[in-house]
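One structure is given here, and the rest of the page talks about it.
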2 protein chains.
Amino acid sequence: MSEMVLSKSLEDYLEVIYHIVVVEQAAKAKDIAQKMQVKASSVTGALRQLAERDLVNYSPYDQITLTRKGMEVAQDVVRRHEVLKDFLIKVLSIDESEADSVACQMEHAVTTEIIDRFTKFIEFVERCPRAGDSWIKGFDYYCGEKPQADYCRKCITQTVENFETNLKSGDEMNESTVRLNQVKPGSRVKITTNKLSGVTARRFQEMGLTIGSIVKVERVAPLGDPVEIIVKGYNLSLRKEDLDKIEGILLED
Amino acid sequence: MSEMVLSKSLEDYLEVIYHIVVVEQAAKAKDIAQKMQVKASSVTGALRQLAERDLVNYSPYDQITLTRKGMEVAQDVVRRHEVLKDFLIKVLSIDESEADSVACQMEHAVTTEIIDRFTKFIEFVERCPRAGDSWIKGFDYYCGEKPQADYCRKCITQTVENFETNLKSGDEMNESTVRLNQVKPGSRVKITTNKLSGVTARRFQEMGLTIGSIVKVERVAPLGDPVEIIVKGYNLSLRKEDLDKIEGILLED
DNA sequence: ACAAAATATTAGGCAAGCCTAACTTTGCGC
DNA sequence: GCGCAAAGTTAGGCTTGCCTAATATTTTGT
Ligand SMILES: [Mn+2]
Ligand SMILES: [Mn+2]
Ligand SMILES: [Mn+2]
Ligand SMILES: [Mn+2]
């Protein structure tokens, strides 16, 4: 068993299949070929390799779906892709379609630890009162023609405003992270952290409870357990001890 | 002629050869092999391809050097590498050796425009009074165990301090960019921008006047032209009109 | 129900990049 | 100058990942 190192190409196939099966219930070779920009015969070859590694359920002329393990790996690739794309768009202001294609190449170069670091960084930029949206706008401005003095005047003004607003409101961060088990029925949360592991982690991921997904807490049973949540349109019922390991950002209604 | 799209592998060979020839005067196949972690016979194959594209001067058993074009392309690859590595180390606090190996994979995925954006961003983080070193330290802290409230108190304090210091000193940026032709003899400058193009650009690059390199202005001739500078141990004599197109950060001392 | 069209697979081939093993060339010590 | 070790090259082979062409299967329309 062990390391399961996939080639860039196979990671991309997995990614493409993932994006198909979250919409349809099974992937067609033709659609995979079209999204991968390859001929159908290349898809057959890739599917054989993925099936050999137990990442897709496949046999000739049969339905193509992801196995449990395949779903897990695919989601990991997709997460790397999305985080990098987010960084390129939100922080560097690269345009969406270029960000997407560059992210899809970079995703194969980075470890999960580096992606976590990117995630934290984006989050930090969004939430730190010294940074935030206005700071990123400042960066755009800074990238312009003769920006320095002008930018800096704005920057310092903004700094003071932020400072005063923050002190007044008592809000130290721009948004607050909560654990899912602290959330009251009716609230929505954007998932940022998932510390579950093993089988439970997999199960939840498959149910759509992934980083970045938005979850609404629906009902809490009389004894606080189980808790019913809605994610991607599905109702799920989870034990409180598991919710404890999932964090997110509380969204305004 | 036109696009000259090199494979990742050939870009890496070029990069390795570059790093050798800036120290020795010619590259040995054995050393290339060792740095590329590849057998010597693979090097021969790569050299043939690079020679075919006019990037290296090579024929069997002969000296291996970079052509003008090869030097240019190599420096472009090296720049992509260094900028990404810098970002990973300075902004995300990834450790040096991992940053290096990840950068060497990412470098093949990014365009020059994206690299420019990274460069500007690193510069912005270093120079903006709202960010700077203390902000990045804040990020490290933020990544720790239970950091939020605590971090934010520091952050806000720091913001105010920065604000006051900046207002007092009248310095709006943490460091100031100067054009090389404005620099007085004896000063050192870290190059950040090079707007030269064509043959001149190439010549200067070859002489070691690259982004990030540190240059000392030695003497200015009576009429202000030429100017003598030291870069990477070499004395160079440049015309004032060219210096005009090069910018950098003035270093203390 | 069955032919035609669409979809998928197989077979065979090619390029890139690496390898090992066998060879040639170079250059150094004596 | 000569002989030998080190360095470099060539030949041939392997894997990955793509292709085209031919074949097989499934789906669709009547
Ligand atoms: Mn990809
Ligand atoms: Mn991708
Ligand atoms: Mn590289
Ligand atoms: Mn590199």
Side-chain angles (χ1 to χ4, degrees), chain A residues 3-17 20-21 23-66 70 73-74 77 101 104-105 107-109, chain B residues 3-17 20-21 23-66 73 77 101 104-105 107-109:
Chain A
E3 290 319 281
M4 178 63 56
V5 182
L6 283 181
S7 66
K8 297 171 208 291
S9 170
L10 291 182
E11 281 194 345
D12 283 342
Y13 276 102
L14 225 42
E15 206 183 355
V16 159
I17 295 168
I20 295 172
V21 297
V23 179
E24 324 289 332
Q25 63 275 64
K28 302 271 171 66
K30 200 192 76 163
D31 299 334
I32 299 172
Q34 179 253 304
K35 289 210 188 202
M36 283 289 292
Q37 313 242 64
V38 298
K39 300 296 167 179
S41 60
S42 307
V43 174
T44 308
L47 289 174
R48 266 205 294 258
Q49 294 193 64
L50 291 170
E52 212 155 88
R53 284 163 224 236
D54 257 316
L55 297 167
V56 301
N57 300 118
Y58 164 80
S59 52
Y61 300 104
D62 202 8
Q63 295 250 321
I64 300 159
T65 55
L66 290 171
V73 175
V77 179
S101 87
C104 204
Q105 297 192 254
E107 74 197 3
H108 312 290
Chain B
E3 290 318 284
M4 178 64 56
V5 181
L6 284 181
S7 65
K8 296 170 209 288
S9 170
L10 290 183
E11 282 194 345
D12 283 342
Y13 277 103
L14 225 42
E15 207 183 355
V16 159
I17 295 168
I20 294 173
V21 297
V23 179
E24 325 287 334
Q25 63 274 68
K28 301 272 172 65
K30 200 191 77 161
D31 300 335
I32 300 172
Q34 179 250 306
K35 289 211 188 201
M36 283 289 290
Q37 311 243 65
V38 123
K39 299 297 168 181
S41 60
S42 306
V43 174
T44 307
L47 289 173
R48 264 204 294 257
Q49 295 192 65
L50 291 171
E52 212 156 88
R53 284 162 223 237
D54 257 316
L55 297 167
V56 301
N57 300 119
Y58 164 79
S59 52
Y61 300 104
D62 202 8
Q63 296 250 321
I64 301 160
T65 54
L66 289 171
V73 176
V77 179
S101 87
C104 203
Q105 297 191 255
E107 74 197 4
H108 312 289

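The sequence lines fix the lettering, A, B, ..., with proteins before strands; numbering per chain opens at 1.
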Could you tell me the separation between the [atom1] atom of [X] and the [atom2] atom of [N], rounded to a whole number of Å?
{"X": "Y13(A)", "N": "dT16(D)", "atom1": "OH", "atom2": "C1'", "value": "11 Å"}
{"X": "D62(B)", "N": "dG8(D)", "atom1": "CG", "atom2": "P", "value": "12 Å"}
{"X": "H108(B)", "N": "dG17(C)", "atom1": "NE2", "atom2": "C1'", "value": "14 Å"}
{"X": "Q63(A)", "N": "dT9(C)", "atom1": "CD", "atom2": "P", "value": "12 Å"}
{"X": "I64(B)", "N": "dT25(C)", "atom1": "CD1", "atom2": "C1'", "value": "14 Å"}
{"X": "K8(A)", "N": "dT15(D)", "atom1": "NZ", "atom2": "C1'", "value": "16 Å"}

| note | Here the gap from Q63(A) atom CD to K28(A) atom NZ, rounded to the nearest 0.5 Å, amounts to 7.5 Å
Closest contact, heavy atoms only, [X] versus [Y]:
{"X": "A26(A)", "Y": "T65(A)", "answer": "CB-CG2, 4.2 Å"}
{"X": "R53(B)", "Y": "L6(B)", "answer": "CD-CD2, 3.7 Å"}
{"X": "Q105(B)", "Y": "H108(A)", "answer": "NE2-O, 4.4 Å"}

| said: Below 4.0 angstrom, which residues in residues 28-38 of chain A have at least one non-hydrogen atom near DNA chain D? | reply: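 Result for residues 28-38 of chain A: V38(A), sorted by number.
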| query | Under a 4.0 Å heavy-atom cut-off, which of residues 41-50 of chain B touch DNA chain D? | reply | S41(B), T44(B), R48(B)
| remark: Comparing nearest nucleotides in DNA chain D, the 5'-proximal residue of the pair S9(A), A40(B) is A40(B)
| said: On DNA chain D, does the nearest nucleotide to Y61(A) precede the nearest nucleotide to L10(A) from the 5' side, or the other way round? Give the residue. | reply: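 The residue whose closest nucleotide sits nearer the 5' end is L10(A).
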| request: Would you mind reporting whether C104(A) and E15(A) have side-chain heavy atoms less than 4.5 Å apart? | output: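 E15(A) reaches C104(A) side chain to side chain.
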| So does K39(A) have more than 12 non-hydrogen atoms from other groups sitting under 6.0 Å from NZ? | no
| Can you tell me if NZ on K30(A) sees more than 12 non-hydrogen neighbours from other groups inside 6.0 Å? | no
| task | Please step through side-chain contact (heavy atoms from CB on, under 4.5 Å) for the pair I64(A) and V21(A), ending with a clear verdict. | result | CA-CA 9 Å; I64(A) 300 159; V21(A) 297; over 6 Å; no
| task | Would you mind telling me which of dC18(D), dC19(D), dT9(C) lies closest to the side-chain atoms of K39(A)? | result | dC19(D)
| task | With side-chain contact (heavy atoms from CB on, under 4.5 Å) as the test, would you mind laying out the steps for L50(A) and Y13(A) before giving the verdict? | result | CA-CA 9 Å; L50(A) 291 170; Y13(A) 276 102; 3.9 Å; yes
